[in-house]
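Counting from 1, the numbers follow the sequence of the chain as shown.
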Amino acid sequence: MAPTVQERPDVAIFHEIGVIEHLTRMSVARHLPPGMTYAHVELLMRFHRDGDGQTPAELARGMLMSKAAMTSALQKMETQGFITLLSDVSDRRKKRVRMTRGGREAHAELLKAMKWKMDALREGFTEAEFRQALPFLRSLRLFLEDVIQAGEPEAASRR
C-alpha cells in the first residue's frame with residue numbers, strides 16, 4: 001500500500017517550511033511602520049547583513065524578485081527615506097542602492113520591537129539545534145536552485 005500524502009516526509013518538509021514562512025511574515029508584519037512591506041524589511045535585512053551598494057538588478061537576482069518588482073519596492077523605499085539611489089561612479093547608466101540613516105533606524109526599530117520574539121526563539125531551541133538543521137536546509141535550497149536553473153524537461157522525455 002502506498003503511503004498517504006500526510007506520511008510522505010518530502011511533502012511534510014515543504015508544508016512545514018511554508019507554515020514557518022507564513023508565521024514569520026505575520027509576526028514581522030505586526031511590527032511594521034505604516035507603508036512598509038515585508039519585501040522592504042527583507043531588503044533592509046539584506047543591506048544590514050551584506051552591506052549596501054548593489055545595483056537593482058543584483059538585488060532582484062539575490063532576492064528572487066523580478067526587476068519590475070524590485071524597481072517598485074526601491075521606489076517606495078526611496079520615497080519613505082529608507083534608501084537612496086546613486087549613480088554608479090564607473091558606469092553612470094547604473095544605479096547603486098544605499099541604505100539611509102532612516103533605513104538603518106527603521107531596521108533598528110523593527111529589531112527592537114521584535115527582540116522579545118527573538119529571545120523566545122533562542123530560548124526555545126539551542127544553537128546546536130539550529131546548526132543541525134542548516135546543512136539539510138542549505139542542501140535542499142541548492143538542489144532546488146539547480147532544478148529550477150535546469151528548466152523543464154522536453155515534452156518527449158516526460159512520456
Side-chain angles (χ1 to χ4, degrees), residues 2-67 69-78 80-86 95-151:
T4 65
V5 171
Q6 292 98 349
E7 295 172 346
R8 289 185 50 187
D10 56 333
V11 173
I13 287 287
F14 286 104
H15 171 74
E16 293 299 329
I17 290 170
V19 171
I20 290 166
E21 193 224 3
H22 177 74
L23 293 171
T24 300
R25 285 178 178 268
M26 283 179 36
S27 181
V28 171
R30 292 183 177 139
H31 300 283
L32 297 181
M36 184 182 278
T37 68
Y38 191 81
H40 300 162
V41 171
E42 287 180 313
L43 279 162
L44 291 177
M45 294 290 198
R46 182 180 183 92
F47 295 146
H48 183 75
R49 182 183 64 242
D50 301 337
D52 57 6
Q54 297 94 353
T55 67
E58 291 168 340
L59 289 169
R61 276 191 305 278
M63 302 283 295
L64 307 176
M65 295 171 71
S66 69
K67 289 180 187 176
M70 180 57 67
T71 298
S72 176
L74 292 175
Q75 287 171 344
K76 290 175 184 172
M77 291 179 76
E78 187 174 37
Q80 293 176 314
F82 298 139
I83 58 114
T84 188
L85 294 168
L86 304 170
K95 297 287 186 189
R96 296 279 173 185
V97 182
R98 300 269 182 223
M99 189 164 49
T100 63
R101 178 182 299 207
R104 286 187 293 278
E105 289 171 357
H107 176 263
E109 286 299 315
L110 180 62
L111 292 181
K112 183 178 173 184
M114 294 192 58
K115 183 181 182 319
W116 70 272
K117 290 179 181 182
M118 294 306 297
D119 289 346
L121 180 68
R122 288 184 185 110
E123 289 172 12
F125 299 92
T126 65
E127 184 174 330
E129 289 172 309
F130 284 113
R131 290 192 186 283
Q132 288 169 352
L134 280 174
F136 172 74
L137 292 173
R138 283 190 180 129
S139 293
L140 180 60
R141 177 183 49 82
L142 292 171
F143 175 83
L144 292 172
E145 287 174 356
D146 288 346
V147 168
I148 289 168
Q149 288 176 358

Item checked: Criterion side-chain contact (heavy atoms from CB on, under 4.5 Å) on Glu42 and Arg25, from CA distance to verdict -> CA-CA 10 Å; Glu42 287 180 313; Arg25 285 178 178 268; 4.0 Å; yes
Looking at every non-hydrogen atom in both residues, tell me the closest pair between [X] and [Y] and how far apart they are.
X     : Y      : result
Met65 : Ala73  : CE-CB, 4.4 Å
Gly53 : Arg96  : O-CD, 2.7 Å
Gln54 : Leu59  : OE1-CD2, 3.7 Å
Phe82 : Ala106 : CE2-CB, 3.5 Å
Ser66 : Ala60  : O-CB, 4.0 Å

Check: Hey, is the main chain of Lys95 close enough, under 3.5 Å, to the side chain of Thr55 for a donor-acceptor pair?
Finding: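 Pair absent, no side-chain N/O of Thr55 close to backbone of Lys95.
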Check: Would you say the side-chain atoms of Lys117 and Ser27 include a donor-acceptor pair closer than 3.5 Å?
Finding: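 Looking only at side-chain atoms, Ser27 and Lys117 do form a donor-acceptor pair, the distance falling under 3.5 Å.
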Margin query: One pair to check against side-chain contact (heavy atoms from CB on, under 4.5 Å): Met36 and Val28. What are the steps and the verdict?
Written below: CA-CA 11 Å; Met36 184 182 278; Val28 171; over 6 Å; no
Check: What residues, two or more places apart in sequence or in another chain, satisfy side-chain hydrogen bond (donor to acceptor under 3.5 Å, both in side chains) together with Lys67?
Finding: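 Partners of Lys67 by the side-chain hydrogen bond (donor to acceptor under 3.5 Å, both in side chains) criterion come out as none, since no residue qualifies.
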Margin query: Taking atom CZ as the centre, does Arg49 end up with more than 12 heavy-atom neighbours from other residues, nucleotides or ligands that are less than 6.0 angstrom away?
Written below: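 Yes, the 6.0 Å shell around CZ holds more than 12 heavy atoms from other groups.
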Note to self: A side-chain contact here means heavy atoms from C-beta on lying under 4.5 Å apart; do Thr126 and Glu129 qualify?
What the structure shows: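 Result yes, sub-4.5 Å side-chain heavy-atom pair found.
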Next item on the list: Please examine the side chains of Leu140 and Phe14, heavy atoms only from C-beta on, and report whether any two atoms are closer than 4.5 Å.
Entry: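 Yes. Closest side-chain heavy atoms under 4.5 Å.
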Next item on the list: Could you please spell out the steps behind the side-chain contact (heavy atoms from CB on, under 4.5 Å) verdict for Phe47 and Val97?
Entry: CA-CA 9 Å; Phe47 295 146; Val97 182; 3.4 Å; yes
Rounded to the nearest 0.5 Å, how far apart are [atom1] of [X] and [atom2] of [Y]?
X      : Y      : atom1 : atom2 : result
Leu85  : Met77  : CG    : CE    : 10.0 Å
Ile148 : Leu64  : CD1   : CG    : 8.0 Å
Arg141 : Leu134 : CZ    : CG    : 10.0 Å
Asp10  : Ile13  : CG    : CD1   : 9.0 Å
Arg104 : His48  : CZ    : NE2   : 11.0 Å
Ile83  : Leu44  : CD1   : CG    : 9.0 Å

Note to self: Using side-chain contact (heavy atoms from CB on, under 4.5 Å), reason through Met70 and Leu43 one step at a time and then give a plain yes or no.
What the structure shows: CA-CA 10 Å; Met70 180 57 67; Leu43 279 162; 3.9 Å; yes
Next item on the list: Would you please name every residue forming a ring pair (Phe, Tyr, Trp, His ring centres under 6.0 Å) with Phe130, sequence neighbours left out?
Entry: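 Once residues adjacent in sequence are excluded, the partners of Phe130 under the ring pair (Phe, Tyr, Trp, His ring centres under 6.0 Å) criterion are Phe125.
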Margin query: Holding to side-chain contact (heavy atoms from CB on, under 4.5 Å), I want the full list of residues that pass it with Val147, two or more places apart in sequence or in another chain.
Written below: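 In terms of side-chain contact (heavy atoms from CB on, under 4.5 Å), with neighbours along the sequence ignored, Val147 is linked to Phe143.
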